[in-house]
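A short write-up of the structure that comes next.
Keep in mind that the numbers below use all heavy atoms, side chains included, and drop hydrogens, waters and symmetry copies. All chains are named by letter (A, B, ...) in the order of the sequence lines, taking the proteins before the strands, and each is independently numbered beginning at 1. Quick caveat, the model's predicted, so the values are computed rather than measured.
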Amino acid sequence: MPLHNADMAAIFSEIADLLEIQGANPFRVRAYRNAARAVGEFGKSVSTMIEQNEDLKGIRGVGNDLAEKLREIAATGKCGLLEQLHHEMPAAITELLEIQGLGPKRVRAIHDALHVRTLEQLHRAAKEGKIRDLPGFGEKTEAHIIETIEAHLHKSRRFKLALAEQYAQPLIACLRRTPGVGEAVVAGSFRRRCSTVGDLDLLVTARDAAAVTERFVRYDEVAEVLSSGETRSSVVLRSGIQVDLRVVAPASFGAALVYLTGSKAHNIAMRRIAQQRGLKINEYGVFRGEKRIAGDTEASVYATIDLPWIPPELRENRGELRAAAAQRLPTLIQLADLSGDLHAHTKASDGHDDLLDMALAARERGLSYLAITDHSSRLAVTHGLDAKRLAQQIDEIDRINRTLQGIVLLKGIEVDILEDGHLDLPDAILKRLDVVVGAVHSHFNLPRERQTERVLRAMTHPSFSILAHPTGRLIGERDPYDIDLVRVIRKARACGCHLELDAHPDRLDLADIYCQMAKAEGVLISIDSDAHSRFDFDNLRRGVDEARRGWLEKHDVLNSRSLDQLRPLLGRTAVGKVASA
DNA sequence: GCCGTTTTCGGCCCGACTGTTTTCAGTCG
């Protein structure tokens, strides 16, 4: 059973935490953290690379020592250093770091003085009043620990972007109405368009910071004020989301926006570049000695290190700084680049609207084609279509297309990929369709090899066009099923079929890093709404967000094509039709 | 422990806020 990159990353993260609690060299700790992140995000399976004797030093942050540890982990499933650390410190101790306000030094102090090893023991010790007497601790810290642990037990800590937007917009509007406020924007992972955000980072320019802070902490959705200072304050809203506010002068807006947008890794990399040039970047500007040389706009900050402005979605330190330096930043896909949508449902299965309503709503969005892809009958809960009902729908679409202006409905299906990789409809009916979207909706727990073979087999079907939501993840609810996406992507290239980025805010599947991999392999991505009602075409915007995070450009996206350009790309039967036409 | 358009050694991002101190360490973003 090969280990996944995420498993290896988790081992390095735990080593970093334990080393930090032990007071190890902070740069050594950081090396493990960086490597954990790099391995976790690395496109290829590190286990496979090791099997094939590939050089691991291509992974940024992995040198001789960590490459050797990765090989050890792949071979044995364990890491000697971690085992040794577990002998020295209890394994559960790292969970104490999850409590806000407890860092490595304090965790160490609590452990050494009270032999606390778990969250429950920490809770008890705090309840018994044992924390307050430790040096460097006090009553407030003790009370905070109790409160945080109790809240920690029943709270999900990340919010889907779509939900976070609902909290952010009225708050931003409120701050903009505050006298003296210039700019008021949301930065952080929200601005980088991450699929989930841990908190909201607001940036405001104002001459009177105190007045803005005052307005902020009195916002009527504020449940708790965590901190409140001259230029920085934090609150928790009733919804449970934490909001951090930073107030700066207009001359620092650009520098502060870069700083607050992050990511942290991107900022660190930028500051290193600046440092090598004798410059210092902080949230107030770019400085040569005492003199500020830039900072009012983001572009001015990047310009000091000879880089063009970098779109926020790319700022993850995944190569964007090198690409910028080489003048090779991608021209990212935009919502307006989408010509059509290749995955939508009607009330024939589990949708809410009929064919015409869906067509008109799509046309209103500026789309020129819409594929109707209801479920197939295996998915009984959705009242999926069998061959007979699908044939009726095909006829009805033909009728509607004869009168419809400005948009074309494409005949399609979201056909179930059965456990053995067969498709849930006869070939004869699939051949009559413009687009066949295949999807896994059952048997999520197959072992990796069987799950992968199942999907690969489906993709070889001559009518197969697009693999829908390729990992099946439901954000915050269901993990992706275990599948080898590298093989799936290569199969798509070999078969001439495509992968979907399902734009439903609960899915956003493919995730950014796999979009980037597909792009590298020359596989096109279809950004689809998976609309179940005429209001769901808004989803496309979310899909574009994720696609931009995956470096996709217009030409990487299947449904940026016009209908004429699209038809030859949809399945090999369609190619045949075109060739014989 | 990693890394190099100065470098294979000597660096490694930077500042605000809190609580516990009585000038600052720890934590966070």
C1' spacing across the pair B/dA16 / B/dG11, given as an integer number of angstrom: 26 Å

Tell me whether the OP1 or OP2 atom of [N] has a side-chain N or O from [X] closer than 4.0 Å.
X        : N      : result
A/Lys264 : B/dG29 : no
A/Arg30  : B/dC13 : yes
A/Gln276 : B/dT6  : no
A/Arg28  : B/dG1  : yes
A/Asn267 : B/dC13 : no

With sugar-phosphate meaning primed atoms plus P, OP1 and OP2, does A/Pro104 contact a base, only sugar-phosphate, or nothing at under 4.0 Å between heavy atoms? sugar-phosphate

At under 4.0 Å between heavy atoms, what does A/Glu142 touch on the DNA or RNA strands: base, sugar-phosphate, or nothing? nothing

Please list, by residue number, the residues of residues 206-231 of chain A whose heavy atoms come closer than 4.0 Å to an atom of DNA chain B; answer none if no residue qualifies. A/Ser227, A/Ser228, A/Gly229, A/Glu230, A/Thr231

I'd like to know whether CZ of A/Arg207 has more than 12 heavy-atom contacts from other residues, nucleotides or ligands below 6.0 angstrom. no

What I want to check is whether an N or O donor and acceptor connect the side chain of A/Tyr284 with the base of B/dG15 at under 3.5 Å. no

Closest approach to the side chain of A/Arg232, judged atom by atom: which nucleotide of B/dC2, B/dC12, B/dA16 is it? B/dA16

Assess whether a salt bridge exists between A/Lys160 and A/Asp506, defined as any Lys/Arg side-chain N lying under 4.0 Å from an Asp/Glu carboxylate O. yes

Take atom CG of A/Leu245 and atom C1' of B/dG29, then tell me their distance rounded to the nearest Å. 14 Å

